[in-house]
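Heads up, the thing below is written out as structure tokens.
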Amino acid sequence: MSEQKPVRLPDAASVETVLAALQPQSADAELAPALNKAFPGFAFTVARIDDPYWCNPHAVVAADGTRLGDHRAWVERALADVGGDLTAFWNRHRESGEKFTEWRGTSAFAFAPTGPGVADFVQLSLGRETEHLAGAVVDRGYRPNSVDHLFEPTWVSRESAVEAWQLAGPVYRLRGRTGGGIVHMRSFLARRARIEREQREARRPELENRVIHEVGSEGVRDILFLEANPGWFDFFPRENRFFADWARSSACAHRIFDHWAFDIHDFEGPGQKREIGFIPRPLKNPAARLLGEEGVSVHRLMERIEAIDQKIGLPFAWFFLMTHGHFVDPDVGHAVADGLRTGRVRLPDHDAAVLLE
């Protein structure tokens, strides 16, 4: 956060106003400055992740390039013109040259610090989208078997290597309809921990009476669930653990949002159960996954995890890529932990404490 005192926290309506005012030709360069201007006192940075997605068909374009309107409305009108006959619709439009457009995008995140703590920052979850001429309005080779098939085309390849004519964009849109579009991380983590406690406490009457039937060499014995799981009510959510481990490790000298983004959700699921959490998204990945191969010495593994840290530009990066990703096999962590216990390898004391806990 800059020295100027923030006037207000970002809100969805104001962020969307900022995004709508961006011009496609300068949107990438102007996004952070525009947010900083709209929200005095904040210093936003922007990171993008290459995770392609696409939205439902957007519009229909005639063979001569004329826009024919909204895709769904066009399909409904064209079907009505042939009395709802899918075969007649297919025969009329399979060689017409009409195509549909869709918005395709990748994730982007904007961050602004709000204090010195690891979780003291605001995150905006965005989509960077461009409109593309995706493909024909019908599959020329196969008759549609339902209207839904027309609304959700499956005959168009969206592989990154397949070129599609770009019509508009890029535009930035606020994402996170499940409550994660704009998040103050420290507040989110407090809410995550509180909801976990409340949900577990609500089950106390049930769990105090739950009995586990254990089968062993001496036969079957009954044991109360809470005797077998004495720490059940003290569970520490993995989201909070991520930030606690960061704060205690060598990584704490670096801002967490310079290296990770967070896909956040917070909504009511089935049975009105509150679903809250996040998926950590590394902003930079190793060249290849590190596996705990049999026969590889712990010293060689230490060389490899140090190489990962150097590539990422973050001490102890390998640990977070192991515990909150799939780029480092957990067997690597077990091998390093065993090496620490036997004195064959060393880590900084605070990193060793995090790994061995």
Side-chain angles (χ1 to χ4, degrees), residues 1-3 6 31-32 35-36 41-51 107-126 180 182-190 192 236-264 277-290 301-328 330 332-333 336-337 340 345-357:
M1 190 176 294
S2 67
E3 294 182 0
L31 175 57
L35 289 170
N36 293 336
F42 288 93
F44 279 95
T45 57
V46 175
R48 288 162 53 186
I49 294 178
D50 186 17
D51 59 345
S107 295
F109 297 87
F111 310 97
T114 59
V118 175
D120 289 334
F121 66 93
V122 171
Q123 175 185 278
L124 312 183
S125 297
L126 309 171
I182 303 174
V183 170
H184 180 249
M185 187 57 72
R186 179 174 294 279
S187 300
F188 169 81
L189 292 175
R192 173 70 181 94
F236 199 43
R238 62 184 296 275
E239 295 83 1
N240 299 72
R241 173 66 65 187
F242 187 108
F243 280 78
D245 288 345
W246 190 282
R248 295 167 51 213
S249 74
S250 298
C252 71
H254 296 248
R255 298 189 306 187
I256 197 169
F257 58 80
D258 285 339
H259 298 275
W260 291 81
F262 304 91
D263 272 342
I264 293 172
F278 62 57
I279 299 173
R281 306 285 300 279
L283 300 182
K284 188 175 183 180
N285 298 320
R289 187 183 182 206
L290 177 57
L301 290 177
M302 289 294 292
E303 292 175 359
R304 293 177 179 176
I305 63 176
E306 288 170 4
I308 289 176
D309 290 353
Q310 290 176 1
K311 179 174 177 57
I312 302 301
L314 175 72
F316 211 41
W318 70 272
F319 172 82
F320 295 96
L321 291 168
M322 175 186 70
T323 54
H324 299 275
H326 64 277
F327 292 100
V328 177
V332 173
V336 173
L340 288 171
V345 296
R346 295 197 64 184
L347 286 174
D349 290 345
H350 40 283
D351 292 344
V354 170
L355 177 62
L356 294 175
E357 184 175 277

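Numbers here simply count residues along the sequence, with the first being 1. Please read all numbers here as calculations on a predicted model, not as lab measurements.
- Ile305 has its side chain out of reach of Phe316: every pair of non-hydrogen atoms, C-beta onward, lies at least 4.5 Å apart.
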- Message: Before you tell me yes or no, could you show the steps for Phe188 and Phe243 under ring-ring contact (aromatic ring centres under 6.0 Å, His included), namely the whole-Å CA-CA distance, both residues' side-chain angles and the distance that decides it to 0.1 Å?
- Response: CA-CA 12 Å; Phe188 169 81; Phe243 280 78; 8.8 Å; no
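- Atoms CD1 and OG, from Ile49 and Ser107 in turn, are 6.0 Å apart once rounded to the nearest 0.5 Å.
- A distance of 11.5 Å separates CZ in Arg281 from CZ in Phe262, rounded to the nearest 0.5 Å.
- His254 meets the ring pair (Phe, Tyr, Trp, His ring centres under 6.0 Å) test with His259; sequence neighbours excluded.
- Side-chain contact between Thr323 and Asp245 is absent, with no heavy-atom pair separated by less than 4.5 Å.
- Considering only heavy atoms from C-beta on, Pro286 comes within 4.5 Å of Ile312 through its side chain.
- Expressed to the nearest 0.5 Å, how far CZ of Arg48 lies from CG of Leu283 amounts to 12.5 Å.
- Side-chain contact between Pro282 and Leu321 is present, with at least one heavy-atom pair separated by less than 4.5 Å.
- What you find for Phe109 and Asp263 is that their closest heavy atoms are CZ-OD1, 3.5 Å.
- Counting only distance, with no hydrogens or angles, the side chain of Asp120 and the backbone of Arg186 share no donor-acceptor pair below 3.5 Å.
- Counting only distance, with no hydrogens or angles, the side chain of Arg248 and the backbone of His350 share no donor-acceptor pair below 3.5 Å.
- Inter-residue side-chain proximity for Ser249 and Phe320 is flagged as met; some heavy-atom pair is nearer than 4.5 Å.
- Between Phe327 and Ile308 the shortest side-chain heavy-atom distance does not fall below 4.5 Å.
- A pairwise comparison of heavy atoms in Lys311 and Ala287 identifies CE-N, 3.6 Å as the closest pair.
- Formation of a donor-acceptor pair under 3.5 Å by the Trp246 side chain with backbone atoms of Ala251 is found in this model.
- Counting only distance, with no hydrogens or angles, the side chain of Glu239 and the backbone of Arg192 share no donor-acceptor pair below 3.5 Å.
- Going from atom CZ of Phe121 over to atom CG of Asp258 covers 10.0 Å, rounded to the nearest 0.5 Å.
- Proximity of Leu35 to Leu124: side-chain heavy atoms (C-beta onward) are separated by under 4.5 Å at one or more points.
- Between atom CG of residue Asn36 and atom OG1 of residue Thr45 there is a gap of 9.0 Å, rounded to the nearest 0.5 Å.
- Taken to the nearest 0.5 Å, the CZ atom of Arg346 stands 10.5 Å off from the CE atom of Met302.
- Looking only at side-chain heavy atoms (C-beta outward), Phe111 and Ile256 stay at 4.5 Å or farther from each other.
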